[in-house]
2 protein chains.
Amino acid sequence: MKATIRDVAKLAGVSISTVSRVMNSPQSVIESKRRKVLEAVEQLSYQPNSFARGLIYRKSFTLGLLIPDIENMYYAGIIRGMQEACNKLGYSLMICNTDRDSARLLSYIDTFHEKQVDGIVFASDRMSPEYYDKLSAYRIPVVMLSSHSDEFEIPSIEVDDEAAAYDAVKYLIGLGHQKIAMMGFNDVNSVSGPPRLKGYLRALSDGGIDASSLLGRVKHAAHYFEHAYEAAHELFMEYPDTTAVFCVADEFAMGTISYLKDQGVSVPEQVSVIGFDNIRMAGIYIPKLTTIAQPTFELGYRSAEKLHELITTGQTEIMREKLLHKLIIRESAGTVS
Amino acid sequence: MKATIRDVAKLAGVSISTVSRVMNSPQSVIESKRRKVLEAVEQLSYQPNSFARGLIYRKSFTLGLLIPDIENMYYAGIIRGMQEACNKLGYSLMICNTDRDSARLLSYIDTFHEKQVDGIVFASDRMSPEYYDKLSAYRIPVVMLSSHSDEFEIPSIEVDDEAAAYDAVKYLIGLGHQKIAMMGFNDVNSVSGPPRLKGYLRALSDGGIDASSLLGRVKHAAHYFEHAYEAAHELFMEYPDTTAVFCVADEFAMGTISYLKDQGVSVPEQVSVIGFDNIRMAGIYIPKLTTIAQPTFELGYRSAEKLHELITTGQTEIMREKLLHKLIIRESAGTVS
DNA sequence: CTGAAAGCGCTAACAT
DNA sequence: ATGTTAGCGCTTTCAG
């Protein structure tokens with residue numbers, strides 16, 4: 001049986017209150033007794049029962065993380081960063097993968113409530129009223145990660161998607177490209193979608209390119225390689241003179257490159273492709289991806305810190321926080337031929 | 001404030017025991033009262049406090065998962081499978097990423113104990129006496145995943161590494177290769193390492209190849225692409241006549257292919273490369289990887305089921321369970337030129 | 001500085 | 001079928 005505070009008290013020859021004190025404010029107990037207690041603790045491998053503490057403190061010292069797709073490498077960095085911050089702050093982490101299924105997400109919120117997580121970081125999904133209502137009813141502090149909400153007052157942390165897309169496309173233009181296509185998310189609920197499209201368009205205009213003539217080259221795909229492959233097919237069937245494509249995810253860039261390769265067109269010699277996220281695989285792919293890096297580790301880390309701030313103070317200093325992206329130049333984009 | 005059982009009881013005009021009953025054995029409460037209670041539950045978004053229940057049941061209905069590296073895509077499938085099983089069985093899941101750091105792992109075991117997880121699946125690492133002692137002292141049920149222990153009596157579930165390696169190398173031999181190298185894990189604690197080497201060696205012998213003459217071609221790398229890239233460099237500097245390499249991880253295969261590509265040698269025309277795991281990226285890489293697939297989802301799923309069995313019955317039917325691997329033929333391996 | 005006792009929210013006897 | 005009550009293990013007044 002797990003040792004309880006009574007076992008320790010008995011073994012140390014003190015009352016349970018004394019044991020409790022050495023666990024929580026050691027200096028309030030006289031040296032001699034404290035030593036005896038500590039010895040007993042050691043001997044019995046005693047750890048306070050977290051259920052009992054939870055009952056009293058009404059806190060679980062656990063944070064919840066909701067991600068849409070664990071197979072997406074983007075979240076690996078997020079998770080590492082968040083776990084690191086949790087370790088530092090004394091929280092445990094409970095990760096739930098929703099597979100972009102809203103029923104599942106809702107049910108995980110129930111679980112989080114039942115397990116009394118102290119707060120939730122809600123990653124990359126759109127905050128629907130349905131989610132929001134539940135979260136509010138349960139009064140669970142939330143911060144949004146790589147996402148934000150225009151409808152609701154929720155602290156968020158993300159990259160500046162518009163600016164990032166702008167930089168990517170500007171880079172392409174600087175390389176001499178004009179017929180620049182884009183591959184965005186085929187997801188009405190995408191929150192990063194619209195700003196990235198906006199950044200693409202603005203870069204085009206700023207570069208003296210008639211954006212409206214390129215609109216047909218904006219294709220969409222559903223998160224995965226295969227869909228990007230097909231979207232690339234569609235794109236190049238319709239617009240074979242495209243010389244560069246801006247992809248809003250590294251996996252889209254891979255799908256596009258793979259399609260091109262199958263068609264015998266070489267990247268970057270004939271067509272340039274730029275990705276987004278800088279997942280670990282981006283530096284491994286052939287050719288290595290030129291891409292916009294997101295600071296995933298920091299994003300995860302900061303989200304936990306921010307949530308902690310929200311939990312402890314009831315508010316956050318900065319409501320909508322932005323972290324810096326960065327253009328990583330590798331091999332998949334080159335000057336126009 | 002979160003609603004308690006008393007709030008519900010008051011609102012429904014019954015005693016708290018009645019509320020407790022409708023939560024736990026509804027049919028033991030008369031229809032009319034049950035309805036009233038259910039309504040109150042609904043209205044107050046009542047969920048029983050899991051701390052209070054935990055205190056009574058001495059169970060958290062939470063399972064812990066220890067993985068060495070969340071950046072390794074291999075674990076994405078594992079996690080999905082395990083979470084799926086957890087949902088089915090009524091458990092929550094707490095995932096901890098050790099980054100292959102033993103101090104961290106030890107500390108996560110403490111956390112798991114403190115949070116009173118009902119059991120732990122311990123993935124891919126060697127079970128050191130240090131870990132084992134702690135786990136035993138805490139009396140936490142454990143099953144090992146993609147790993148096993150020869151020293152300790154711990155249920156495990158994994159693929160047959162020896163047979164899988166054998167099949168991979170046999171396939172290469174069938175393609176006409178003779179000078180077959182291997183790239184294994186550079187990790188003294190690797191548990192899948194030795195059996196895979198054994199499978200490689202046995203396939204060679206069975207194929208009429210003098211295995212001992214090939215021993216110098218067995219190189220090692222440390223889990224990541226970059227290290228495999230370097231190991232490939234070493235390999236081909238020493239043995240330029242190598243025509244095929246069996247890699248014990250898809251990422252090693254990618255590193256090898258990348259190195260080869262940088263040297264201007266084409267895969268599979270000049271050199272064949274075969275991977276292991278069949279991570280999602282294997283089908284996306286250029287060329288697409290021929291590899292040994294591990295049923296990661298099932299592995300994760302079964303590990304949770306097995307752990308559940310261990311928790312509830314105190315034992316498992318099969319101590320060491322093996323799941324089937326499968327050769328996936330794609331593009332990275334071809335006939336010898 | 002230390003011990004006794006109340007009570008966190010719930011379940012499970014035990015009565016009725 | 002339902003209410004009353006005694007804890008589960010711990011923290012925290014409150015006395016002393």
Side-chain angles (χ1 to χ4, degrees), chain A residues 1-38 40-41 44-62 90 110-111 113-118 138-139, chain B residues 1-41 44-62 90 110 113-118 138-139:
Chain A
M1 232 22 261
K2 240 196 122 185
T4 76
I5 197 170
R6 289 202 156 69
D7 301 323
V8 178
K10 191 175 300 173
L11 185 56
V14 298
S15 77
I16 62 166
S17 333
T18 300
V19 176
S20 177
R21 284 188 192 98
V22 341
M23 299 306 286
N24 299 297
S25 47
Q27 72 293 0
S28 72
V29 170
I30 207 166
E31 163 74 23
S32 64
K33 297 205 177 190
R34 193 191 330 162
R35 260 220 345 276
K36 278 188 161 307
V37 170
L38 258 11
V41 165
L44 300 170
S45 294
Y46 170 72
Q47 271 195 322
N49 182 315
S50 68
F51 295 135
R53 307 184 88 154
L55 209 43
I56 294 164
Y57 294 134
R58 280 117 194 271
K59 294 199 63 188
S60 61
F61 299 99
T62 298
D110 283 337
T111 305
H113 177 240
E114 188 202 322
K115 291 289 203 292
Q116 337 245 333
V117 299
D118 299 333
Y138 287 155
R139 287 194 177 65
Chain B
M1 232 21 262
K2 237 195 127 188
T4 74
I5 198 171
R6 291 201 156 68
D7 302 323
V8 178
K10 191 174 299 171
L11 185 57
V14 298
S15 76
I16 62 166
S17 340
T18 299
V19 176
S20 177
R21 284 190 192 96
V22 341
M23 300 306 287
N24 300 297
S25 49
Q27 72 293 1
S28 72
V29 170
I30 207 167
E31 165 72 24
S32 63
K33 298 207 177 190
R34 195 192 327 163
R35 261 219 347 276
K36 279 187 160 305
V37 170
L38 259 10
E39 269 166 31
V41 165
L44 300 169
S45 294
Y46 171 73
Q47 271 194 322
N49 182 315
S50 69
F51 295 135
R53 308 183 87 150
L55 212 42
I56 293 163
Y57 293 135
R58 281 125 194 274
K59 293 200 61 186
S60 60
F61 299 99
T62 298
D110 283 337
H113 176 240
E114 188 201 322
K115 291 289 201 294
Q116 337 246 332
V117 300
D118 299 333
Y138 286 155
R139 286 193 178 65

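Each chain gets a letter, A, B and so on, in the order its sequence line appears, and its residues count up from 1. When reading the values below, keep in mind they use all heavy atoms of this one structure, side chains included, and skip hydrogens, waters and symmetry mates.
Residue A:Gln27 contributes atom CD, which lies 12 Å from atom P of C:dT2 at whole-angstrom precision. Atom CD in A:Glu114 sits roughly 16 Å away from atom P in C:dG9 (whole-Å rounding). Here the C1' atom of nucleotide D:dT12 and the CZ atom of A:Arg58 are 14 Å apart, to the nearest Å. One can place CE of B:Met23 at 15 Å from P of C:dG9, the figure rounded to the nearest angstrom. For A:Glu31 and C:dT2, the CD to P distance is 11 Å, given to the nearest whole Å. The separation between A:Lys59 atom NZ and C:dG9 atom P is 17 Å, rounded to whole Å. When the P atom of C:dC8 is taken as reference, atom CD of A:Gln116 falls 15 Å away, rounded to whole Å. Whole-Å rounding puts the A:Asn24 CG to D:dT11 P distance at 5 Å.
A donor-acceptor pair under 3.5 Å is formed between the side chain of B:Ser50 and the backbone N or O of A:Glu114.
Between A:Ile5 and A:Ser20, some side-chain heavy-atom pair lies under the 4.5 Å cut-off. Contact check for B:Arg58 versus A:Phe51: no side-chain heavy atoms found under the 4.5 Å cut-off.
Axis deviation across the helix from C:dC1-D:dG16 to C:dT16-D:dA1 amounts to 40°, comparing end segments of five pairs, rounded to 10 degrees.
Applying the side chain to side chain donor-acceptor pair (under 3.5 Å) criterion to A:Lys115, with sequence neighbours excluded, gives B:Ser92. With sequence neighbours left out, B:Gln27 forms a side chain to side chain contact (heavy atoms under 4.5 Å, CB included) with B:Ser25. Every residue meeting the ring-ring contact (aromatic ring centres under 6.0 Å, His included) condition with A:Tyr138, not counting sequence neighbours, appears here in chain and number order: A:His113. Residues forming a side chain to side chain donor-acceptor pair (under 3.5 Å) with B:Arg53 (at least two apart in sequence, or on another chain): B:Asn24. With sequence neighbours left out, the side chain to side chain contact (heavy atoms under 4.5 Å, CB included) criterion links A:Lys59 to A:Tyr57, A:Phe61, A:Tyr91, A:Asp118, A:Ile311. Taking the side chain to side chain contact (heavy atoms under 4.5 Å, CB included) definition, one finds that A:Ser32 meets it with A:Ile30, sequence neighbours left out.
Considering only side-chain N and O atoms, A:Arg34 lies nowhere under 4.0 angstrom from the phosphate OP1 or OP2 of C:dC1. For D:dG3, one of the phosphate oxygens OP1 or OP2 lies less than 4.0 angstrom from a side-chain nitrogen or oxygen of B:Lys33.
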Report all side-chain donor-acceptor pairs from residues 10-17 of chain A shorter than 3.5 Å, counting only partners two or more places apart or in another chain.
unit_1	atom_1	unit_2	atom_2	d
A:Ser15	OG	A:Ser17	N	3.3
A:Ser15	OG	A:Thr18	N	3.4
A:Ser15	OG	A:Thr18	OG1	3.4

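Residues from residues 45-57 of chain A placing a heavy atom under 4.0 Å of any atom in DNA chain C, listed by number, are A:Leu55, A:Ile56. Less than 4.0 Å separates DNA chain D from at least one heavy atom of each of the following residues of residues 10-22 of chain A: A:Ile16, A:Ser17, A:Ser20, A:Arg21.
A distance of 12.0 Å separates NZ of B:Lys2 from CZ of A:Arg139, quoted to the nearest 0.5 Å.
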